[in-house]
Amino acid sequence: MEHTVQFAPATGLLSGMWLLVALPAVSAAVLLLLGRRADRWGHWLGCLSVGAAFVLGLLSFFALRGQENRAVQLNLWEFISAGSFRVDFGLLFDPLSAVFVLLITGVGFLIHVYAVGYMEHDEGRRRFFGYFNLFVAAMLVLVLGNNYVMTFLGWEGVGLASYLLISFWYVRPSAATAGKKAFLMNRVGDAAFVIAIFLLFAQLGTVNFDGVANQVHTLSSGVTLMLGLLLLLGATGKSGQFPLTAWLPDAMEGPTPVSALIHAATMVTGGVYLIARSNFIFTANSTLQLVVVSVGALTLLIGAIIGCAKDDIKRVLAWSTVSQIGYMFLGVGLGGAAYALAIVHLLAHGFFKAGLFLGAGSVMHGMRDQVDIRRFGGLWKYMKITWVTFGLAWLAIIGLPPLSGFFSKEPIIVAAFERKDWTAWLFGIAALLGAGLTAFYMTRLFMLTFHGPKRWTDDIEHPHESPPIMTIPLVLLAVGSVAAGGLMVGPVPKWLTPVLGHEVRGEAVLAHSAITILAIAVTLIGAGLAYLLFRDGTATAPQPAGALVTAARKNLYIDAFNEAVFEKPGIFLTRALVFLDGKGIDGAVNGIAASVGGGSGRLRRLQTGFVRSYAMSMLTGALLVVAAFLAVQYGWFA
Amino acid sequence: MNFPFLSVLTVAPLVGAVVVALLPRTRPALAKQVALGWSVAVLALSVAMWIAYQAGGDRFQFRESYPWIPNWGVRFTFAADGIALVMLMLIAVLMPLVILASWHDAERGKRNVPVYFALLLALQSTMFGVFAAADVFLFYVFFEVMLVPMYFLIGSYGGGKRQYAAVKFFLYSLVGGLFMLAAVIGLWVLGGHTFDWQALVDANFSTGAERWLFLGFFAAFAIKAPFFPFHTWLPDAGGAAPAGAAAILVGVLDKVGTFGILRYCLPLFPEASRYFAPLALTLAVIGIIYAALLAVGQNDLKRLVSYTSIAHFGFIGVGIFAFTTQAGTGAVLYMVNHGLATGLLFLVVGMFVARRNSALVSDFGGAGKLLPLLAGVLLFAGLASLALPGTAPFVSEFLVLLGSFTVNKTVAVIATSGIILAAGYVLWMIQRTTQGTVNPALASNEGMRHDMSLREKVVVAPLIALIVLLGFYPKPVTDVINPAVKATMADVGASDPAPAAGTTEAAR
Amino acid sequence: MTLTPEWYLLLAAALFTIGAVGVLIRRNAIVLFMCVELMLNAANLALVTFSRINGTLDGQIIAFFVMVVAAAEVVVGLAIIMSIFRTRRSASVDDSNLLKY
Amino acid sequence: MTPAAVLAATPMSTGEMWVFIPLGILALVGALGMVAARNAVHSALFLVLTMLCLGVFYIVQSGPFLGVAQIIVYTGAIMMLFLFVLMLVGRDASDSLIETLRGQRVAAILLGVGFAGLVCVGLGRALAGTTAKGLAEANSAHGGNVQGLASLLFTRYVFAFEVTSALLITAAVGAMLLAHIERRKGERPTQPEQMRARFAPGNYPAPKAGPGVYATSDSVATAGLLPDGTLAARSIPEILPPRELTSSETAPKGTDR
Amino acid sequence: MNDLKLPAIDYAALAPMLILFGVACLGVLVEAAVPRARRGLVQVPLGLLGLVAALVFVIAEAGTRKRTAGEAIAIDGPALFLQGAIIVLGVVALLLIAERSLEPGGPFVAQPARPVGSEADRSQAAGEGGATEAYPLVMFALAGMLLFVAANDLLTMFVALEVFSLPLYLLCALARRRRLLSQEAALKYFLLGAYASAFFLFGIALIYGYAGAITFSRIHQAVTAGTGSGVLLFAGLALLAIGLLFKAAAAPFHVWTPDVYQGAPTPITSLMAACTKTAAFGALLRVLYVGFPGATWDFRPIIGVIAILTMLVGAVLAVTQTDMKRLLAYSSIANAGYLLVGVLAMTPEGVSSTLFYLVAYGFTVIAAFAVVTLVRDADGEATHLSRWAGLGRRSPLFAGVFTFLLLAFAGIPLTSGFTSKFAVFGAAFGGGQVWLVVAGVVTSMLLAFPYLRVVVMMWLSEPGESTPSVSVPGAFTSAALVIGVLVTLLLGVLPGPLLDLTTRAGDFVR
């Protein structure tokens, strides 16, 4: 790709795009700094700021459409400058950012509104909205930054918000631990990301997107591979992909709106954004693409398999998210047209996964925070709106036409089959398999929750529907789940062309229609199987299961692996070092001191108090001095 | 502007110290107010100096020089380059806050209150001197004298093993200082019996002599900074010192070490600096990882913070010895930011300790429930300490790693892994102190019923504001630092590597 | 066999050493002091001999001064020993070892 | 030229040799004897022997004045002082054979041998074949040994000579200070005072009664009995507590059994 | 014969010594003539006046470079400087000696001849006026020291050595309290001093044998000419050095120091620590710089080793001392090592830095001992370290002063301890003796520990029941203390003038 990337300076309405970030940021600051004084109206301020940002985003979007060069940047101030290194606090509004801005602010707004109801009885609601706004601001920085450092700034910002929100109920040890785990695993990815930035600067002398894009062809393939792998590792961290996947399910310790917004719709797709944004790097190296595809495929299967075995409604959805983001990685890894497809899937996923989470939240809201799907059943009678909206999202995610999931997922499967060699079969089949598994676990979830006999305990006397402030966002998201896919699959790739390049389709190893049919077939098989198995509910106690299911229940031993390989040795190492520091290094110093003291104590015994001893030491000294002088005289030392 | 800022800044706190020390012991409140007012006045003067400083002007500004000991060529020469300026500013900013934060510290041990504040002011005076000196002898004098007030602050007003810690602090520093003394003497003799910094920079030494002299200076600075493996005094000192003093100790006083390397080791002994750079880098990198792991294993909040600082000093060391403009700027910026962040961290920890009368992590647990605001500030300080983007330390850490990556990838990558560990120790600390179920002993503690007082808010607010401001807009500081770092790198004879690939036009 | 004046010196050295060793061996403070006197005498012998060898009288003058000095020293020393003896009823230097370590 | 000056010509004349060898041996014997003698007085006498020998050597080596001074001042005066003090304080205090400091003797002797060996070998090597100039010229320059010494004493070393007076004053002051107990006025009561005190009211001027003497007890702590049978407290020294007699002691003889 | 040409004697140049000798003799007469009760009143002003007069003459002679009294006395820069230093330090020490308010009757026993523990002794301890014979003795000692540093031949040096030693031996025995210790100290000092001077004398004999003369210029000629036997030269120099190093308290000839410093009356200890050291090093400088510079390369390594050993012994042994005076004694030993480092530079800077060090150290050490005299309980001075615990609370002023002095000993800047160390190390470095500088630096580290321990004791420990009070010092002690501390501070902050002086005074006449 030899065309030069150039960002035009922002003018007109777009020069106000800093407000996109500023609105939620200021709101967050107000909410967090004012403290209890803002308790009464804080949540509304939170919603308002995001809503305003959404409106501004829409306006900016339209303004961008009117621009000839659809990439507009706004350098606010010099951020970091030293020697030849210089980055600005600069924002970039281009088609990719625009799409993300709309998703973040749009879905974000809905979830904010929903959270007003969901968090109504929580004493920390104002704090919650502060964090939430902070998250939106950071996420907008992530997607609006015009250089890698800005992206990283947002990247870490969302990490922080995620941490804060996961451990929002910090009094619960599990929540605190989960937050810490999320932050730490993200940090691993972040470290890789930041090293990638260093590498870019060392190689190219710039970290701006345009500069990198225009010079990436000068890099050797080894450097590109390294760069890509580092970025990928960063992306996997944020997106909960293999190998940094373990934190995402634990992140469900946070309040449900958090799961919906951060750990389903927006933040976790940051990795996808990063790879899409860096498409010029990933496209430049086919090995790199293979790695990305492999990560995507592997993760989508892992997520799906584990999702089948989980009984916690939010965990199932979390693993589902892992799996779906796997699809997106698969898409961005495939390159070419699939970049846009991944973004489409991302957007669609944003709608239906948010809907699913909010629905789950609504269920929990009505069920006294019960999350075990084995304890649900027959809820469709009690919470109709939730049931309907959840059902639509369910259908969307399993990819049943004509709902959005079909339009977003099926092209990725097709694209997988369009690879050049035998890997087409490998990844194509993996993608298909994933679709089937998705259908299975989502159907299981849906059936167990809303249908079949009621299995909840008697203390929940009146399962009830949520208040309108929660259901209205549900409805809106359901609409999105239904329609978004179909609406976007055409225009969005075209819209993204300036960023991601022109659509170049390869030859699929199978006919397009065959793949479509296969995809629908596996979906139906999966869903049907689940329906058959779970239409009558399930046992509320854990059942003995085969090795695979046991493994799946235990997250395929990923946590166990982490514990055995990183945590335990780490603790041991720490303890060993504490010992070493105290007894070794400090001990050495203290030892010197002690030996001086001991030597002193022993030497002072020579001062016996007997004058004759003193005389002896003098005579000895005299003898030695005279001997030494004579030795010098005779040249014995020479 | 010809106002003798530097000498006045050095003397003023000393005068304040004398005034405060002479106040009657029976009127502690008066002493506090006078000390606070004095330090604020000093701050105002420092701000004036900051304004008067011309970022693009001469390398050394506000130069003053008066004869002192003509026989030895010693002069009272004060001059500040950008590096010194920011450090002076940091001292001036921290001191009023520390005084305010230490409002009740001295009373707890039934100790002499005016003397405590007098010691703080005296310490400020010596620290001003050490950063403002442009005469090697003068620098050495302040370097050593600085120990005395700090020694008494730790030893008389500290907690825990304060005697042991104070003696250890003093001896360690003195040992380093004496190595430096030997080197200073050598420098003086070999450099033509002058102590003038500029003259010594221009002097030529034989390779062997230069290396030995470098080692003499480096030993002092490595102990002061402290670098692995000379660090073991810091956890003891930091753990025993009262929180305010610890904030000063770790936040500013130890920076003399890294400052000294930048100001003395590099320009005076460029060849030796390059020769020993691998050694220094190794020590620094080991320090980053080692201290971070140790920090995880600490059960004492103040010791923990001390260990984190050792890790941070490792970063600064990496930045200095990478010999690139970015890393150098990062290192200097790190010195400032770390002063703010760790200062804040120590002060907040001090507020916790003051309430609980214990610094043991295991004595806390779930404190966030009782003291949400204070816990929030602790979290913020922790995040700043782990160099979260958006806080000031991020910029510096980023620059350090970026700059060192261009010349030494291995070091940079290992150092970068330190940021993971940093998250580990900070979050682990946060979790064990403020999160989780509330420790029953804590709930029944009288002190834990009161969240931050107005005084405490006033203490932390400026620091938080500065950390955030410099996190997003470090330019005011980097503008001052950049020329100085560039000049230092020129002194040491290092130039930034050009981008390995790519066209030069694109680099703009 | 002829002897040269150096033999006086050797004798002086021997006497000096005997005196020096005597100080280490004897315990009676007065005898100790006599050993010192022997050393001074040995030095005197050496001085006188050197005076002869060098052909100048300075050596003899020094020896003369030494006698004067020794006389004064003896007085002071014996006074000190006396005063200690009055208290301790002992002239052994080994008994005076309160000051040590 | 005096005979002594001739004698001092290098190398030793036969006559000098015959003086040197026996007296040298004697001097050594004296020195060793001084160190070895257990009795301090013997030590002193041994030292006198050595000093006398040295005095002869001085004379032989053209130093008649010094030789005489050695014998008179040193041997005569200083050593007498030593002996005097020895008689005063440590006459019978002979050193015990047991060495209190472990290894002191052996180490001392080894050190001595080493030191002597070092110096003697060094001197021997250094001075082998040295020719002595002799003092004939120097002595004759001023008309004799005594005159020569005098001229040096009052020219070149006059200040040192004068300063020695300070030494002597110091010695005198020191001896006074440390040895002389001054009875100050008022410390010792005068005769009238003593008398007045004796007859002062409340005192008992007559001789005090002796302690009681009984066949069963002749202890001075046993008070005498006054005519009325009570104990006379005055009859025993003040520092002794009056001893109560046991019943058997007070009982008449022969009644105890 | 019979026409003795009396040598030209420059009485003005000799005046300081003559005055002090005269004052001493007058003092003896005063002892005889003035009633006991009033002797002190006469002696103290007499002594001070004498010292001041001597100082006036020293100052008046400034710039003189000559030999007088038949080449026996050299009046030159170092001699005058050292004489001035000894006089000034002597004045300060005399102030301590003259103090009578701390202890009824002063620091000296009234009648030293009284057996310890006798009835009379107990009564005199209670407050009988101390022996005023001490003043003439001090005067004799000081006069001897003045002569010692000006002596231009070995005989005069020997006589001077004895002249100042004998009074010191006596003074050591005069303590009012703990007389057994005092007498023991005197005995040890005397026996070992006599022993050392025997070595010194034998050294003189050998040097005389080597050079045929005993004036330093003639010795120098002989050394540079290289005639004569090296054995005589070096064995003689070695033995000579032993005698001087003994007075200077260099290892292994330091053994007497701790015992004597501890046992002697504290004011006398301060006199010894300040003035004796000055005199000893003055003489050592003259011997090495005037008599034997030709043998520099031969003796430097050996005395260098002694210097290192001295610093080490002083530093290491000070670590575990439990008695304040002993600790200061070991510190004084270590300082002798530092002084040797300066001496061994064998350059003009070596001389001037050593002179500077002597003055700086002298004032500090006198002030330190002055504080020691203040810390007392019913039993006299409380010198055991444990008794000093918490003194900072009881008496912050004196603890602060003492801390300042300890910091000076430790060589912390802005005290004379630092500038003087810097001076000698700088000189040694300039003289190519880097190894000595390194050793000096390393031992300084060790030595810091004992000082710090005392500081910890005073400030950081809680006062115990046995913590004695600090007596209010009388005018004399206050004056001594103030002078000592001020000079310590002044030489730390503004050493320039004195450095000027030492630089100008650094040239020996040969």
Side-chain angles (χ1 to χ4, degrees), chain C residues 2-11 13-22 24-28 30-31 34-35 37-38 41 44-45 48-49 51-58 60-61 63-65 67-76 78-83 85 90-92 94, chain D residues 8 10-12 17 20 24 27-28 31-32 34-35 40 43-44 47 51 54 57-58 61-63 66 69 73-74 78 81-82 85-86 89-90 93 95 100 104-105 108-109 112 115-116 119-120 123 127 130 132-135 137-138 148-149 152-153 157 160 164 167-168 171 174-175 178-179:
Chain C
T2 49
L3 295 175
T4 48
E6 72 178 85
W7 283 91
Y8 285 107
L9 296 177
L10 298 185
L11 177 66
L15 293 178
F16 185 85
T17 315
I18 291 170
V21 171
L24 307 196
I25 293 181
R26 298 306 300 265
R27 265 164 286 176
N28 187 314
I30 298 171
V31 178
M34 289 196 297
C35 291
E37 290 300 319
L38 178 61
N41 269 287
N44 270 356
L45 179 58
V48 170
T49 310
S51 178
R52 174 190 182 188
I53 291 176
N54 290 335
T56 56
L57 281 172
D58 300 75
Q60 292 196 2
I61 283 286
F64 172 69
F65 271 99
M67 287 181 192
V68 180
V69 167
E73 210 174 60
V74 166
V75 171
V76 169
L78 291 179
I80 292 173
I81 293 170
M82 276 293 293
S83 72
F85 179 81
S90 152
S92 168
D94 283 6
Chain D
T10 175
M12 284 192 208
M17 212 167 80
F20 175 76
L28 274 178
L32 289 171
M34 179 200 69
V35 174
S43 285
L47 184 59
M51 284 177 169
L54 292 188
F57 288 152
Y58 296 165
Q61 299 204 62
S62 322
L66 215 54
V73 176
Y74 234 125
I78 298 181
L81 192 57
F82 265 104
V85 175
L86 267 181
V89 305
D95 282 7
T100 38
Q104 174 87 1
R105 241 173 241 185
I109 288 167
F115 190 83
V119 176
C120 289
L123 287 177
L127 295 173
T130 312
K133 287 182 184 153
L135 281 168
E137 200 183 325
L149 288 179
L152 274 181
L153 202 59
Y157 302 117
T164 44
L167 273 180
L168 298 176
L178 290 185

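Keep in mind the model is a prediction, meaning the values are calculated, not measured. So you know, we letter chains A, B, ... as the sequences are listed, proteins then strands, and number each from 1.
Of the inter-residue distances, the one linking D/L153 atom CG with D/T164 atom OG1 reads 8.0 Å to the nearest 0.5 angstrom. Atom CG of D/L66 sits about 8.5 Å away from atom CD1 of C/I61, to the nearest 0.5 Å. For the atom pair C/L24 CG and D/Q104 CD, the distance stands at 5.5 Å (nearest 0.5 Å). Considering CG of C/L11 and CZ of C/F16, their distance stands at 13.5 Å, rounded to 0.5 Å.
Contact count versus chain D (heavy atoms, under 4.5 Å) is highest, among C/L9, C/N44, C/V69, for C/N44. Contact count versus chain D (heavy atoms, under 4.5 Å) is highest, among C/M67, C/M82, C/E37, for C/M67. Listed options C/N54, C/L78, C/L10, C/V68 were ranked by heavy-atom pairs under 4.5 angstrom with chain D; first place goes to C/L78. Of the listed residues D/A27, D/G174, D/A116, the one with more heavy-atom pairs under 4.5 angstrom with chain C than any other is D/A116. When the candidates C/V76, C/L45, C/V75 are compared by the number of heavy-atom contacts under 4.5 Å with chain D, C/L45 comes out ahead. The candidate with the highest count of non-hydrogen atom pairs below 4.5 Å against chain C, out of D/V119, D/L167, D/L149, is D/L149. Annotation: maximal heavy-atom pairing with chain D below 4.5 Å, among C/D58, C/D94, C/I81, occurs at C/D58.
Contact annotation for C/I80: both backbone and side-chain heavy atoms come within less than 4.5 Å of a heavy atom of chain D. Contact annotation for C/E73: neither backbone nor side-chain heavy atoms come within less than 4.5 Å of a heavy atom of chain D. Of the two parts of C/Y8, the backbone and the side chain both hold a non-hydrogen atom closer than 4.5 Å to a non-hydrogen atom of chain D. Heavy atoms of D/Y74 lying under 4.5 Å from chain C belong exclusively to its side chain. Both the backbone and the side chain of D/L81 come within contact range of chain C, each with at least one heavy atom under 4.5 Å from a heavy atom of that chain. Interface remark: C/N41 contributes backbone and side-chain atoms alike to the contact with chain D (heavy atom separation under 4.5 Å). With a threshold of 4.5 angstrom between heavy atoms, C/A20 does not approach chain D through any atom at all. Using a 4.5 Å cut-off between heavy atoms, C/F65 touches chain D through its side chain atoms alone. Residue D/L54 touches chain C through its side chain alone, counting heavy-atom pairs closer than 4.5 Å.
Across all their heavy atoms, D/A171 and C/A72 have their closest contact at CB-O, 3.7 Å. Of all non-hydrogen atoms in D/A175 and C/A79, the two that sit nearest each other are CA-CB, 3.9 Å. For D/A108 against C/I25, the heavy-atom pair with the smallest separation is CB-CG1, 3.9 Å.
Proximity of C/T56 to D/L152: side-chain heavy atoms (C-beta onward) are nowhere separated by under 4.5 Å.
Take D/L32 and apply the side chain to side chain contact (heavy atoms under 4.5 Å, CB included) test, not counting sequence neighbours, and it matches C/I18. For D/S43, the side chain to side chain contact (heavy atoms under 4.5 Å, CB included) partners at least two apart in sequence or on another chain are C/R26, C/V31, C/M34, D/M34, D/A37.
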